[in-house]
Amino acid sequence: MKRRILFVIEDFFPLGANLQLKPIADALAAEAFDIHVVALRDSMKLPTWISDLPATIHSLDSGRGINRVLRMRSLIFRVSPNIVHAWGHATHWCSMMAGIGLHELKMVATFFEIPPRHRMNHPQSPAWLFGGSVTLTASHHTIANRLAEHGFDQPIEIIPNSHGRFNWRTQAADHDRIAARQRLLEIISRDIQRPTIQSFNVPPRVGIAEPSSDADAKLYLVGTVARLLPGYQLKDLVWAVDLLCCIRDDIHLFIFGSGPQEPSLRRFISKTASRQHIHLIPAESTDENDLAVLDCYWNAQLEEPLPSAMLAAMAQQIPVVSVLGPGTAELLLPLRSGLATNFGARDEFARWTKYLIEQTNAAGQLAIQSAVHVKKRFPTSQMIEGYRKLYATIEE
């Protein structure tokens with residue numbers, strides 16, 4: 001008899017923590033698991049990455065508060081999963097509340113980010129509220145420490161993120177990559193109100209290489225994946241672009257993600273001299289291939305100790321400039337697998353990116369070394385095995 005698992009994700013955003021879901025779903029499906037996925041915030045049109053999952057996709061038909069919990073509970077009754085796995089901080093309380101009283105149901109909650117303090121004003125214990133049926137996991141020990149500070153008194157298993165699985169060297173992937181980069185160039189063209197940028201020949205390796213002799217195609221694309229929240233230090237990156245634009249006109253920053261700070265961030269960007277060089281791409285408009293066509297990846301936050309998108313960028317040989325701190329220190333070997341900055345040091349983002357652009361040989365070597373490092377240090381097989389053992393243990 002197939003074991004059935006229901007993954008509860010926050011939304012269909014293809015980057016971030018969802019990068020970890022695909023390799024796990026693929027591995028479980030190969031082991032005769034019956035995979036089901038539901039998003040707390042869904043959309044009318046399923047993105048390609050979710051359609052390609054070996055899973056049955058469900059909809060909650062929107063809803064908030066208690067209505068969302070009731071719809072989740074109804075879905076659990078319909079699907080009858082052996083395990084409900086809440087994927088990320090935003091999903092775990094809805095899932096846990098929906099499962100109250102279902103004593104045979106095993107539940108897992110995985111945290112990829114340090115939980116915001118304002119959401120945890122009152123210490124609470126899932127072990128007390130839900131009995132022994134809830135298992136907590138975290139991608140890094142700093143997350144587990146924060147949970148413990150707020151009364152989560154049960155053991156928390158650490159299962160580190162991985163770089164995921166990508167097949168960017170195939171002909172189909174090349175075609176998708178060309179289309180994704182062209183789309184980003186068209187966004188630049190729209191935002192600066194000039195004619196659409198022409199297509200280009202795909203380079204042999206994603207990274208620093210210039211795609212063609214066309215001047216517009218030589219634009220240097222920097223990206224970051226982040227929630228639009230104060231802790232993600234996005235204004236530091238905006239200032240870094242401002243500094244770079246004082247000496248270059250070919251830098252463009254793409255910020256992939258959504259959040260309540262979007263209106264204020266847009267107002268802040270509109271007041272800067274580099275406003276036409278900064279592009280906000282909401283979660284629902286982000287394509288799964290956007291990460292692969294960047295020339296450089298920036299990470300200014302420590303809210304996600306092992307940033308999923310940064311891991312994936314490094315594995316794809318995209319040079320990384322990142323703040324150094326808990327978690328990122330395990331990814332960044334300064335000047336060997338990435339370029340490290342101090343927290344809040346916007347000038348260092350600008351200085352290191354200028355170095356990457358001008359020292360192409362060094363940048364290429366750095367990108368290769370970063371891929372070797374993350375694939376050796378955080379193999380996908382290690383993450384899959386961690387969850388495989390977890391599911392087997394809780395079902396005993």
What distance do [X] atom [atom1] and [Y] atom [atom2] have between them, rounded to the nearest 0.5 Å?
{"X": "Leu234", "Y": "Thr224", "atom1": "CG", "atom2": "OG1", "result": "6.5 Å"}
{"X": "Asp287", "Y": "Thr48", "atom1": "CG", "atom2": "OG1", "result": "6.5 Å"}
{"X": "Ile269", "Y": "Ile278", "atom1": "CD1", "atom2": "CD1", "result": "5.0 Å"}
{"X": "Glu113", "Y": "Thr142", "atom1": "CD", "atom2": "OG1", "result": "11.5 Å"}

Determine, for [X] against [Y], whether the closest basic-nitrogen to carboxylate-oxygen distance falls under 4.0 angstrom.
{"X": "Lys218", "Y": "Asp295", "answer": "no"}
{"X": "Arg41", "Y": "Asp11", "answer": "yes"}
{"X": "Glu358", "Y": "Lys354", "answer": "yes"}
{"X": "Arg388", "Y": "Glu385", "answer": "yes"}
{"X": "Glu262", "Y": "Arg227", "answer": "no"}
{"X": "Asp347", "Y": "Arg351", "answer": "no"}

Counting C-beta onward and ignoring hydrogens, is there a side-chain heavy-atom pair between [X] and [Y] closer than 4.5 Å?
{"X": "Ile50", "Y": "Ile9", "value": "yes"}
{"X": "Ile114", "Y": "Asn145", "value": "no"}
{"X": "Leu105", "Y": "Ile76", "value": "yes"}

- Around atom CH2 of Trp49, are there more than 12 heavy atoms of other residues, nucleotides or ligands at under 6.0 Å? yes
- Heavy-atom count around Asp250 CG within 6.0 Å, excluding the residue itself: above 12? yes
Can you check whether [Y]'s main-chain N or O pairs, donor with acceptor, with [X]'s side chain at less than 3.5 Å?
{"X": "Ser189", "Y": "Leu185", "result": "no"}
{"X": "Gln20", "Y": "Ser162", "result": "yes"}
{"X": "Arg68", "Y": "Leu60", "result": "no"}
{"X": "His277", "Y": "Ser274", "result": "no"}
{"X": "Arg4", "Y": "Asp34", "result": "no"}
{"X": "Trp298", "Y": "Val222", "result": "no"}
{"X": "Ser264", "Y": "Gln261", "result": "yes"}
{"X": "Gln301", "Y": "Glu303", "result": "yes"}
{"X": "Ser74", "Y": "Leu70", "result": "no"}
{"X": "Ser139", "Y": "Pro160", "result": "no"}

Anything under 3.5 Å between a donor and an acceptor, one on a side chain of residues 372-379, the other on a protein residue two or more places apart or in another chain? List them.
{"from": "His373", "atom 1": "NE2", "to": "Glu330", "atom 2": "O", "distance (Å)": "3.0"}
{"from": "His373", "atom 1": "NE2", "to": "Leu331", "atom 2": "O", "distance (Å)": "3.4"}
{"from": "Arg377", "atom 1": "NH2", "to": "Glu330", "atom 2": "OE1", "distance (Å)": "3.3"}

- Message: Under the criterion side chain to side chain contact (heavy atoms under 4.5 Å, CB included), I'd like the reasoning laid out for Val108 against Val84: C-alpha separation, chi angles, the key distance, then a yes or no.
- Response: CA-CA 6 Å; Val108 178; Val84 172; over 6 Å; no
- Query: Can you name the side-chain contact (heavy atoms from CB on, under 4.5 Å) partners of Thr286, sequence neighbours left out?
  - Reply: Phe13, Pro14, Leu15, Phe256, Ile281, Asp290
- Note on the structure: Which of Trp87, Phe7, Phe33 passes ring-ring contact (aromatic ring centres under 6.0 Å, His included) with Tyr387? Answer is Trp87
- Message: Over 60° means perpendicular and under 30° means parallel, so tell me whether His85 and Tyr391 are parallel, tilted or perpendicular.
- Response: perpendicular
- Item | Candidate pair Ser322 and Thr328, rule side-chain hydrogen bond (donor to acceptor under 3.5 Å, both in side chains), full reasoning | CA-CA 8 Å; Ser322 172; Thr328 58; 4.6 Å; no
- Residue pair Asn161, His140: steps toward the side-chain hydrogen bond (donor to acceptor under 3.5 Å, both in side chains) verdict: CA-CA 8 Å; Asn161 290 343; His140 197 263; over 6 Å; no
